[in-house]
Amino acid sequence: MESGAIQLASVGPFDLQATVESGQTYLWDRADGNMYETMSAHGGDHWYETVVPPVEGVSDERAVVRVRQTDDRLEWESTTDAVPLLTHLLRLDDDLDAILDATPDLPLLRRAYEAYRGMRLVRDPPFACLVSFICSAQMRVSRIHAMQTAMAASFGDSVAFDGRRYDAFPTPAQLAERTEDELRDLSLGYRAPYVRRTAEMVAEGEADPTDVRGMAYEDAREYLTRFVGVGEKVADCVLLFSLDFLEAVPLDTWIRTAIADYYPECDAGGYAETSRAIRDRFGGEYAGYAQTYVFYYLRAGGE
DNA sequence: GCCCAGGAAGGGG
DNA sequence: CCCCTTCATGGG
């Protein structure tokens, strides 16, 4: 086991709990089992853990990572040197202050940024991100997380680390070889055939979410909708939370409410037009950061 | 029982 | 192209 700590003074504002429990990622577990239950300000002091597949240019092998925030430090334990991996997964390489400074000074954004100061976007592994947002359709955050946990426990590899076993998210092939009924048994409901078929597409090499690297944003969104169960909204989530398209603004129920209540002139009818309008309103390049703060702020009861 | 949850697919106009 | 219905499942 390797372990260490990242001094956050060199990173800038960071809030681990808000980052991991805000409904952007469904691939981390809280060690105390109380994910999404007891929220506390800034860090929260809880251990979070995940199993990460190899990341090109960052880590050659599958890794188990445990991490917690205490004051101005990020303590970690891992099968490997987790500094580059955590930097990648939690976007510690973003200059958050500069991003927020570049955002338009709108009252709603100001309140959301103040409430969850330090929350960052995540950079999830692409395939798991794709599957988890296919599962997100008409589903509550805690149940989306439960589905990913169930798929990992039932169909993924079991990895030993520090005297315990951790469940890796299934590979495309591991999911593709399951039947629709086996996925329905994990309470995926009508999403079961979507997940199975999309996993098959990736496993067979028919398409891969990372194919969009280098594409123009709207072309990338269009490309991802070829996966079964992926429409424009889910495509935007994968682009934003995994593939570095920080301008993506997923139009979910909460952000649509925000548009109706605060920016009605941005409702331009179709998804693409409305998305373009709210993206411009939120400053363009980093509009996805604003969207994610607003999503979490409104869902937590803010107004 | 009813309503809703980070929507998408399939059909018809 | 837009509009409508259907699709599971669990928690309030």
Side-chain angles (χ1 to χ4, degrees), chain A residues 18-28 34-37 112 116 119 121-122 124 128-151 154 178-201 207 209 218 221-243 245-246 248-261 267-275 278-279 282 287-302:
Chain A
T19 299
V20 173
E21 298 200 39
S22 53
Q24 322 172 40
T25 176
Y26 302 96
L27 305 176
W28 289 84
N34 293 324
M35 194 83 166
Y36 309 119
E37 290 178 17
Y116 299 108
M119 183 174 76
L121 289 176
V122 296
D124 271 350
C129 182
L130 180 64
V131 171
S132 54
F133 278 94
I134 288 172
C135 291
S136 76
Q138 292 295 104
M139 197 49 54
R140 272 173 234 280
V141 163
S142 61
R143 289 201 55 213
I144 301 166
H145 181 264
M147 290 178 189
Q148 313 316 308
T149 303
M151 282 188 279
S154 297
R178 296 297 168 173
T179 65
E180 181 182 325
D181 282 343
E182 286 179 303
L183 290 169
R184 284 184 187 269
D185 287 342
L186 303 184
S187 297
L188 267 66
Y190 60 83
R191 305 155 196 81
Y194 301 165
V195 168
R196 204 206 65 77
R197 178 66 187 120
T198 286
E200 188 174 55
M201 291 173 74
E218 291 191 347
R221 185 175 65 198
E222 172 63 23
Y223 184 90
L224 291 184
T225 62
R226 74 186 52 203
F227 293 106
V228 183
V230 179
E232 293 171 301
K233 185 271 172 184
V234 166
D236 268 333
C237 288
V238 177
L239 292 175
L240 180 61
F241 302 133
S242 179
L243 297 170
F245 287 81
L246 301 190
V249 178
L251 297 184
D252 59 71
T253 52
W254 290 101
I255 204 70
R256 286 182 183 279
T257 298
I259 290 171
D261 291 349
D267 184 357
Y271 188 99
E273 295 75 17
T274 302
S275 174
I278 192 67
R279 184 162 68 254
F282 285 172
Y289 252 102
Q291 190 274 358
T292 300
Y293 271 88
V294 168
F295 168 81
Y296 189 36
Y297 179 69
L298 293 180
R299 194 168 66 80

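Order of the sequence lines sets the chain letters (A, B, ...), proteins ahead of strands, with each chain counted from 1.
As rounded to whole Å, 14 Å separates atom C1' of B/dG7 from atom CG of A/L130. For the pair A/R191 CZ and B/dG7 C1', the interatomic distance rounds to 9 Å; values are reported in whole Å. Rounded to whole angstrom, the span from the CH2 atom of A/W254 across to the P atom of B/dA5 amounts to 7 Å. A/R256 has its CZ atom 10 Å from the P atom of B/dG7, to the nearest Å.
Among residues two or more places apart in sequence or in another chain, the side-chain contact (heavy atoms from CB on, under 4.5 Å) test is passed with A/E200 by A/A176, A/R196, A/R197, A/E204. A/E273 pairs by the salt bridge (Lys or Arg N to Asp or Glu O under 4.0 Å) definition with nothing, not counting sequence neighbours. Not counting sequence neighbours, A/Q138 has no partner by the side chain to side chain donor-acceptor pair (under 3.5 Å) test. For the side-chain contact (heavy atoms from CB on, under 4.5 Å) test, residues two or more places apart in sequence or in another chain that qualify with A/T179 are A/D181, A/E182. A search for side chain to side chain donor-acceptor pair (under 3.5 Å) contacts involving A/E218 returns A/R276, A/R279, not counting sequence neighbours. Judged as a ring-ring contact (aromatic ring centres under 6.0 Å, His included), and not counting sequence neighbours, the contacts of A/F282 are A/Y263. With sequence neighbours left out, the side chain to side chain donor-acceptor pair (under 3.5 Å) criterion links A/Y271 to A/D236. Taking the side chain to side chain donor-acceptor pair (under 3.5 Å) definition, one finds that A/R191 meets it with nothing, sequence neighbours left out.
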Indicate every side-chain donor-acceptor pair of residues 142-151 of chain A with a distance under 3.5 Å to a residue at least two apart or in another chain.
residue : atom : partner : partner atom : Å
A/H145  : NE2  : A/W28   : O            : 2.7
A/H145  : NE2  : A/D29   : OD1          : 3.1
A/Q148  : NE2  : A/I144  : O            : 3.1
A/T149  : OG1  : A/H145  : O            : 3.0

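The distance between the ring centers of A/Y116 and A/Y293 does not fall below 6.0 angstrom. Proximity of the aromatic rings of A/Y194 and A/F227 is defined here by a centroid distance below 6.0 angstrom, and this criterion is not met.
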Under 3.5 Å between N/O atoms: give me all the protein pairs with nucleotides 9-11 of chain B, atom names plus distance.
residue : atom : partner : partner atom : Å
B/dA9   : OP1  : A/G229  : N            : 3.0

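Between C/dG10 and B/dA9, the two C1' atoms lie 23 Å apart (nearest whole Å). Only the P atoms considered, B/dC3 is 15 Å distant from C/dT5, to the nearest whole Å.
The residue A/Y271 sits apart from the nucleic acid: no heavy atom pair falls under 4.0 Å.
For residues 135-149 of chain A, proximity to DNA chain C is found at A/M139, A/R140, A/R143, defined as any non-hydrogen atom under 4.0 angstrom from a strand atom.
With a heavy-atom cut-off of 4.0 Å to chain A, the contacted part of DNA chain C has its first and last nucleotide at C/dC7 to C/dG11.
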